[in-house]
Number of protein chains: 2
Amino acid sequence: MNAPHFSTKERILGAAETLFAQHGFAGASLRQVTAAANVNLAAVNYHFGSKDNLIEEVFRRRLDELNVRRLAALKNALAADEPKLEDVLGAFIRPALELSLDHEGGHAFMRVLARAFAEHDERLRKFLSDNYGHVLREFATAFAGFLPHMDKEELYWRLDFITGALTHSMADFGPMRRRSQVSEESHRERAAAHLIRFAAAGLRTA
Amino acid sequence: MNAPHFSTKERILGAAETLFAQHGFAGASLRQVTAAANVNLAAVNYHFGSKDNLIEEVFRRRLDELNVRRLAALKNALAADEPKLEDVLGAFIRPALELSLDHEGGHAFMRVLARAFAEHDERLRKFLSDNYGHVLREFATAFAGFLPHMDKEELYWRLDFITGALTHSMADFGPMRRRSQVSEESHRERAAAHLIRFAAAGLRTA
DNA sequence: GTCTATATTTGGATAGAC
DNA sequence: GTCTATCCAAATATAGAC
């Protein structure tokens, strides 16, 4: 499953990501994880201490990078001569798209993230809001710059709708199926372009 | 937890809905469910045969009613002299809103539904597409009537975005919190109104 | 750091009395 | 239909050798 040059720790993280995506946090057992990672059962507790800590590490690994990319893209979009709403939306959406494509387990991670939303677990929520919240606030500020007359509450609702639509579509929850003649890349790229247009119109409306 | 005039079967369904929402299908044990329902552990297997069957019944109970309400509202919206896109959107969104408010466990069910999306379980997907698919197709046809020049693929993507936004917001996944001075009803009612405006603008854009 | 072996808990399901 | 008691499989976690 994983190349042998990855460390035990990394192999566990990769296998956990895949299996948590498929079966959920409670549904994927450490036995399945260690078997898929080709490591001993006891290795999880040695490296991570507990299953809960393993779950957090699965998030940290990807979210750190996702947030760096989003903030860099945001900075880039705002540095243009005439910043466009669509580019700020792209800065929010495209890094998620790339994550779902670039890495071996990126696609799995999008599903893990969606499961985290569903968990409503206070510990996870706090963890996500600590890591995710300030990024969302920066984007909210940027969007507010384009929509100076919009009610704050309405803006936050709209960003919430966009997050829901993004998660739902990137995690393949809906009935949209890739047709066999288009590649995975162009399928998702098209989805992102559709979402940016849809969301830009939704944001701009009075 | 539940009034004594409910049958054993109904008490199990209600408790299962709540606990599946909180802990997931794998995370909620039949022991937790039967304890919360104040019935004996053996009652689940007697009435439902297995945990998997219990899960399906939790869906069937709510989805049947949700679909009836959506289709009735759709028919109503299309029967108007000058049907409006917003009313068709409302026919899709408001029954979900009402479900999340009307019943004791309706809100829990929205979270269960979101978990079902995340499961990606083939059995559940088939069950949902059998029960959900034809309703989505009827709505797609109705929307296409308002947007005659829109590409079919683009329309389906947009409906997928709306579904994601609806599920995400009705299941309280995002950071939007109800402020203490507004009631639960008006909080959600406002969310639905926001979503309808947002989605209508997104659907109409070229 | 990694393994085997095992302690301990918890899960789904069922048998059989009432 | 409902209960008690129990079987059996699977889970997390740990102890201790290497």
Side-chain angles (χ1 to χ4, degrees), chain A residues 1-59 61 112 115-116 118-119 121-124 127, chain B residues 1-61 112 115-116 119 121-124 127:
Chain A
M1 179 75 84
N2 286 284
H5 63 275
F6 286 113
S7 70
T8 294
K9 217 171 162 176
E10 284 168 327
R11 291 214 306 284
I12 292 173
L13 283 171
E17 185 170 65
T18 303
L19 287 163
F20 288 154
Q22 288 173 353
H23 308 295
F25 304 115
S29 72
L30 294 185
R31 286 179 151 75
Q32 289 176 283
V33 169
T34 52
N38 246 301
V39 303
N40 189 272
L41 171 59
V44 168
N45 278 304
Y46 177 79
H47 286 286
F48 299 95
S50 71
K51 187 176 182 175
D52 276 353
N53 284 338
L54 170 60
I55 292 172
E56 279 201 6
E57 285 307 311
V58 167
F59 282 104
R61 187 173 63 144
V112 173
R115 285 192 185 269
E119 286 296 324
D121 179 89
E122 270 313 312
R123 183 179 172 183
L124 261 183
F127 180 82
Chain B
M1 180 73 88
N2 287 283
H5 62 276
F6 285 112
S7 70
T8 294
K9 216 170 162 176
E10 284 167 329
R11 291 215 306 283
I12 292 172
L13 284 171
E17 186 171 64
T18 302
L19 287 163
F20 287 156
Q22 287 174 353
H23 307 296
F25 304 112
S29 71
L30 293 184
R31 286 179 152 80
Q32 289 176 282
V33 170
T34 51
N38 247 302
V39 303
N40 189 271
L41 171 60
V44 168
N45 277 306
Y46 178 79
H47 286 285
F48 300 95
S50 72
K51 187 176 183 177
D52 276 354
N53 284 340
L54 170 61
I55 292 171
E56 281 201 4
E57 286 307 311
V58 168
F59 282 104
R60 194 190 313 277
R61 187 172 65 142
V112 172
R115 284 193 186 267
E119 286 297 325
D121 180 89
E122 270 313 312
R123 183 180 173 184
L124 261 183
F127 180 82

Practice prompt. Using a 4.0 Å heavy-atom cut-off, write out nucleotides 1-10 of chain C from 5' to 3' as B (base contacted by protein), S (sugar-phosphate only) or - (no contact).
Written response: BBBB------
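- Side-chain atoms of B/I12 and B/V33, non-hydrogen and from C-beta on, do get closer than 4.5 Å to each other.
- Among B/Q22, B/R115, B/H23, the single residue meeting the side chain to side chain donor-acceptor pair (under 3.5 Å) criterion with A/E119 is B/R115.
- Counting only distance, with no hydrogens or angles, the side chain of B/E10 and the backbone of B/S7 share a donor-acceptor pair below 3.5 Å.
- Atom P of nucleotide C/dG12 and atom CZ of B/F25 are separated by 14 Å, given to the nearest angstrom.
- As a whole-Å value, the separation of B/H23 NE2 from D/dA11 C1' is 18 Å.
- Other residues, nucleotides and ligands contribute only 12 or fewer heavy atoms inside 6.0 Å of the NZ atom of B/K9.
- In terms of modelled atom types and a separation under 3.5 Å, the side chain of A/E56 and the main chain of A/N53 share no donor-acceptor contact.
- Atom CG in B/D52 sits roughly 17 Å away from atom P in C/dG11 (whole-Å rounding).
- Atom CG of A/L30 and atom P of D/dA13 are 6 Å apart (whole Å).
- Using a distance-only test at 3.5 Å, with no hydrogens or angles considered, a donor-acceptor pair links the side chain of A/Q32 to the main chain of A/S29.
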